[in-house]
Structures are given as C-alpha cells and as structure tokens.
S.K.: 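Have a look at this one before I ask anything.
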Amino acid sequence: MDDLKQKYLGQIANAADEAALETIRVAAVGKKGEVALKMRELGKMTPEERQVAGPALNALKDEINSALSAKKAGLADAALDARLRDEWLDVTLPARSRSQGTIHPVSQVSEEVTAIFAEMGFSVAEGPRIDTDWYNFDALNIPGHHPARAEMDTFYMHRAEGDNRPPHVLRTHTSPVQIRSMETMGAPLRIICPGGVYRADYDQTHTPMFHQVEGLAIDKDISMAHLKWVLEEFVKAYFEVDGVDLRFRASHFPFTEPSAEVDIRCSWEGGTLKVGEGDDWLEILGSGMVHPNVLKAGGIDPEAWQGFAFGMGIDRIAMLKYGVPDLRAFFDSDLRWLRHYGFAALDQPTLHGGLSR
Ligand code: DAH
C-alpha cells in the first residue's frame with residue numbers, strides 16, 4: 001500500500017495538465033483502478049486482516065482523491081496566472097497620438113451641423129441621391145417649363161428605349177427630402193437632411209458633386225420669426241461666436257413664399273474672414289415659408305399646417321469656417337490636403353464638448 005501511495009502521489013505531483021491528472025485518476029481510484037482491485041482482495045482476507053486493510057485502503061483512496069483535487073486547483077490557478085500575464089494591458093498608457101486617417105471637413109461639418117440642430121429638436125432625415133424628377137422638381141412647385149429646371153444644370157439618368165419608368169435625375173438639391181419626410185412622417189415635423197447633391201458645373205467654387213443641408217419645420221403656428229431665431233442660433237453655435245447679425249434679403253424660390261436669402265455680417269480684414277464683425281455681408285443660405293403647393297405634394301393640409309425651410313451649402317460653410325480656399329480640393333483625395341484640413345478621428349463634435357475642439 002505504501003508503494004501505491006508513493007507511486008500515485010508522485011505522479012500527481014508531476015502531472016503537467018488536467019488530461020494527465022484524469023489518466024492518473026482512472027488508473028488509481030477509477031472503477032477498475034489499482035485501489036479498486038485491492039479492495040476486491042478484501043474478500044479473501046481473514047476478518048482480522050480485513051479490519052486493518054479496509055480502513056487503510058479507504059484512507060489511501062481519500063488521500064489520492066484529495067491530492068488529485070488539490071493538484072487540479074493548482075493547475076487551474078497556474079493557467080489563470082499565465083493568462084493574466086499574457087493578456088496584461090496597461091490602460092494608463094496614452095492613446096496613440098495621431099491615427100493614420102482623418103475625418104474629411106465635409107463629414108466634420110455635417111456632424112457639427114447635426115449636433116447643433118439636434119439640440120433644437122431636429123432629427124436627421126435621408127433620401128436617395130438618384131430621385132425622380134417629380135421629387136426633385138414637380139413636388140417642389142417647379143413645373144416642367146420652369147426656368148429653375150434649366151438653371152440647375154441637372155444630370156439626367158440615361159433611359160433605355162421603351163423604359164416607361166418616370167425620368168430619374170441626380171438630385172440637384174436636398175429639397176426633395178422635404179417631400180419624402182412629409183410623406184413618411186406627416187406633421188408636425190422637424191428635420192434636417194445633410195447630403196450630397198449634383199449639378200453639371202465646375203470651377204473654383206463649383207464641383208459637379210457637393211453637399212447641402214436642408215432644414216424643414218412644420219407645425220400649427222410656425223412663422224418667419226422662428227426661422228430667423230433658429231438660423232441665428234445655428235450661426236452663433238456653428239461659427240462659435242457670441243453674437244452675429246443676419247440680414248434677410250427678399251428673394252425667390254418656387255418652393256417657398258415668401259423667400260429670403262440670408263447673409264451674415266463679416267469682415268475680410270487682413271485677408272482672413274471674421275464672422276460677426278466688420279461691414280461685409282456673406283450669403284450663406286436660401287430659406288422661406290414652405291409654399292402651400294409643396295405641403296400638398298407632401299400630403300399635408302396647408303389650411304392646417306405651415307412651416308419654414310432652408311437650404312445651405314455644407315462645403316461652403318466648411319470653407320468659411322476652416323479657411324479652405326478652393327472647393328475642388330475637397331474632392332481630390334490628396335492625402336497631404338486631408339492631413340492638413342482633416343480632423344482627428346476620435347473627436348466627436350458636440351455642443352457641450354466643443355464643436356471644433
Ligand atoms: N434648394 C435650394 C438650392 O438648392 C436651396 C433652398 C432655398 C432650400 C430655399 C430651401 C429653401 O429649403 O427654403 O439652391
């Protein structure tokens with residue numbers, strides 16, 4: 001019995017893993033293990049012998065079993081220690097100073113605009129960039145013969161002969177999302193829609209694809225006063241200044257009545273733009289009270305509801321805020337330009353945390 005004890009306790013002490021331990025357990029105290037075989041021999045013993053050998057065998061079995069479970073616990077602890085050592089991570093290390101990529105100014109400004117309007121209860125709506133000419137024009141009170149259609153330098157989608165689907169265009173503005181939002185959400189409504197738009201035009205201030213943000217608020221008693229307040233709040237927050245003069249200039253858009261273009265007071269002294277001071281004015285957007293025909297096209301009763309809308313160039317206000325001289329560079333994918341004008345990937349613009357850090 002002493003030999004058995006020496007043998008198995010020795011093996012257990014040297015076992016390298018749980019599988020080895022299991023093999024030892026079966027050989028020692030399993031149903032057909034050596035201790036069980038010895039137990040069977042008890043039958044052939046005299047009662048006196050049995051009285052000594054029985055308890056001794058049981059004690060041996062207990063001793064092997066507890067050595068097994070102690071070793072098993074020891075192996076598990078060692079495995080956990082090894083894992084903790086391997087997976088150790090110093091969370092107090094500084095973050096990598098600068099990741100490879102940057103956030104494009106158009107994305108950054110879209111996020112900034114979204115953060116500001118979200119605070120005023122506007123949600124973000126989206127629509128397709130390829131839309132029917134009905135959504136892009138007719139529904140916005142721009143009938144077929146209207147000069148605005150020609151002025152917009154529209155890209156029309158090619159149609160195969162015999163294709164009877166309505167004509168599709170690359171949307172020339174974000175205004176069709178007004179109609180889609182009215183259709184899906186009804187009134188009251190408060191949305192903005194940032195997104196890409198297309199016109200056949202190319203020079204220092206025009207690219208065939210650019211970005212706008214549309215705004216639309218519909219309720220029972222919306223007036224030009226609300227429009228003015230909302231835009232003032234926006235401009236102050238966006239340009240991160242305390243006060244700013246806005247100038248509403250009477251204008252004309254088919255989808256609004258009355259319509260106004262909005263300028264902000266600025267100075268160009270020393271060649272740099274300062275918003276909120278000086279004697280110059282800079283046009284930043286078109287706006288007005290939503291035309292009754294537009295409400296009707298969106299399925300909203302113009303006798304019961306009214307609203308304001310506005311449309312602003314995202315690239316344009318990005319150029320103004322961040323001093324980018326040429327619009328075309330926005331779409332060149334030049335890495336040097338992106339590193340210079342891009343934003344850190346982990347800085348989310350928020351009103352409380354700062355828009356442009
Ligand atoms: N859709 C116009 C454009 O692309 C901009 C615009 C003007 C949008 C007045 C509006 C608005 O919502 O009310 O030039």
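FYI, side chains are in, hydrogens and waters are out, and symmetry mates aren't considered; it's all heavy atoms of this structure. For the single chain, residues carry numbers from 1 onward in sequence order. In listed order, ligands and their atoms are each counted from 1. Remember, predicted model here, so these are calculated numbers, not experimental data.
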S.K.: Heavy-atom contacts with F253 under 4.0 Å: which atoms of ligand 1 show up? List them by number with element.
M.R.: 7 (C), 9 (C)
S.K.: Answer with side chain, backbone, both or neither: which part of F308 has a heavy atom less than 4.0 angstrom from an atom of ligand 1?
M.R.: neither
S.K.: Which pairs with one or both residues in residues 109-120 pass salt bridge (Lys or Arg N to Asp or Glu O under 4.0 Å), sequence neighbours excluded?
M.R.: E112-K321
S.K.: For atom 6 (C) of ligand 1, find the nearest protein heavy atom and state the residue, atom name and distance (0.1 Å precision).
M.R.: F255 CE1, 3.7 Å
S.K.: Looking only at protein heavy atoms, which one is nearest to atom 12 (O) of ligand 1, and what is the separation?
M.R.: E214 OE2, 2.6 Å
S.K.: Looking only at the side chains, is there a donor atom on one of R129 and Y198 sitting less than 3.5 Å from an acceptor on the other?
M.R.: yes
S.K.: Please answer: with hydrophobic residues joined when any side-chain heavy atoms are less than 4.5 Å apart, are I284 and F210 in the same cluster?
M.R.: no
S.K.: Considering only protein heavy atoms, which is closest to atom 5 (C) of ligand 1, and at what distance to one decimal place?
M.R.: G311 CA, 4.1 Å
S.K.: Enumerate the atoms of ligand 1 whose separation from the nearest heavy atom of S175 is less than 4.0 angstrom.
M.R.: 1 (N), 8 (C)
S.K.: If hydrogens are left out, which of R199, E261, H252 has an atom nearest to atom 4 (O) of ligand 1, that is, the closest non-hydrogen atom?
M.R.: R199
S.K.: Would you mind listing which atoms of ligand 1 come within a distance below 4.0 Å of any non-hydrogen atom of T256?
M.R.: 13 (O)
S.K.: Within 45° of the ring axis of Y202 and under 6.0 Å from its six-membered ring centre, is that where the NZ or CZ of R328 lies?
M.R.: yes
S.K.: Looking at ligand 1, does any of its N/O atoms fall within less than 3.5 Å of an N/O of T172?
M.R.: no
S.K.: Can you name the atoms of ligand 1, numbered from 1 with element, that are less than 4.0 Å from a heavy atom of Q178?
M.R.: 12 (O)
S.K.: Is there a donor-acceptor contact under 3.5 Å linking the side chains of S267 and D279?
M.R.: no
S.K.: Quick check with a 6.0 Å cut-off and a 45 degree axis cone: is R180 positioned over the face of Y135's six-membered ring?
M.R.: yes
S.K.: Between the side chains of D203 and T205, is a donor N or O closer than 3.5 angstrom to an acceptor N or O?
M.R.: yes
S.K.: Side chain or backbone, does A309 bring an N or O within less than 3.5 Å of an N or O on ligand 1?
M.R.: yes
S.K.: Give the atoms of ligand 1, by number and element, whose distance to some non-hydrogen atom of G288 is under 4.0 Å.
M.R.: 13 (O)
S.K.: At a 4.0 Å threshold, what atoms of ligand 1 neighbour a non-hydrogen atom of Q212?
M.R.: 3 (C), 4 (O)
S.K.: Are F310 and F117 close enough that their ring centres sit under 6.0 Å apart?
M.R.: yes
S.K.: Which one of D131, T172, T154 satisfies the side-chain hydrogen bond (donor to acceptor under 3.5 Å, both in side chains) criterion with N136?
M.R.: T172
